[in-house]
Amino acid sequence: MTSETSHPGDLLVRVGAVVFLVGAVATIATVMPLLLGSDPLPTAAYLVSMLMGVGFAVAGAGVLRSIAAQRRQARSAGEG
C-alpha cells in the first residue's frame, strides 16, 4: 500500500484504463487477420474492440469527477 490517499474519480480512471487496454488488444486481434490475409474474426471480436472507446469515456469521466472535486475543495478553502 502507498501512503497516497484515494481521490474522487481515481477508480473510474483505473477501470477505464483496464477497459481501454482490453479493447486495444481486441482491436489488434481483429486487424491482424486482415493484414495477414486470413479469414476475418467473427462479429463479436469487432464488438469487443469497441471497448476502447468505452474505456476512454469512463477514464474521461473519472478525470472530470476529479476536477469537480478539486474545484469544490478549492472553493470551500477559499470561503473559510
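This is a predicted model, so every value here is computed, not measured.
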Side-chain touch Leu34/Pro40, heavy atoms, less than 4.5 angstrom: yes
Quick check on side-chain contact (heavy atoms from CB on, under 4.5 Å): which of Val18, Leu12, Val19 does Val15 satisfy it with? Val19
Tell me whether Leu11 is reachable from Val22 by hopping between hydrophobic residues (I, L, V, M, F, W, Y) whose side-chain heavy atoms are closer than 4.5 Å. yes
With the 4.5 Å side-chain cut-off for hydrophobic clustering, are Leu36 and Ile28 part of the same group? yes
Shortest non-hydrogen contact between Gly23 and Met52, atoms and distance: C-CG, 3.5 Å
On a heavy-atom basis, the closest approach of Ala59 and Val13 is O-CG2, 3.7 Å
Examine distances only and state if a side-chain atom of Thr30 and a backbone atom of Ala26 form a donor-acceptor pair shorter than 3.5 Å. yes
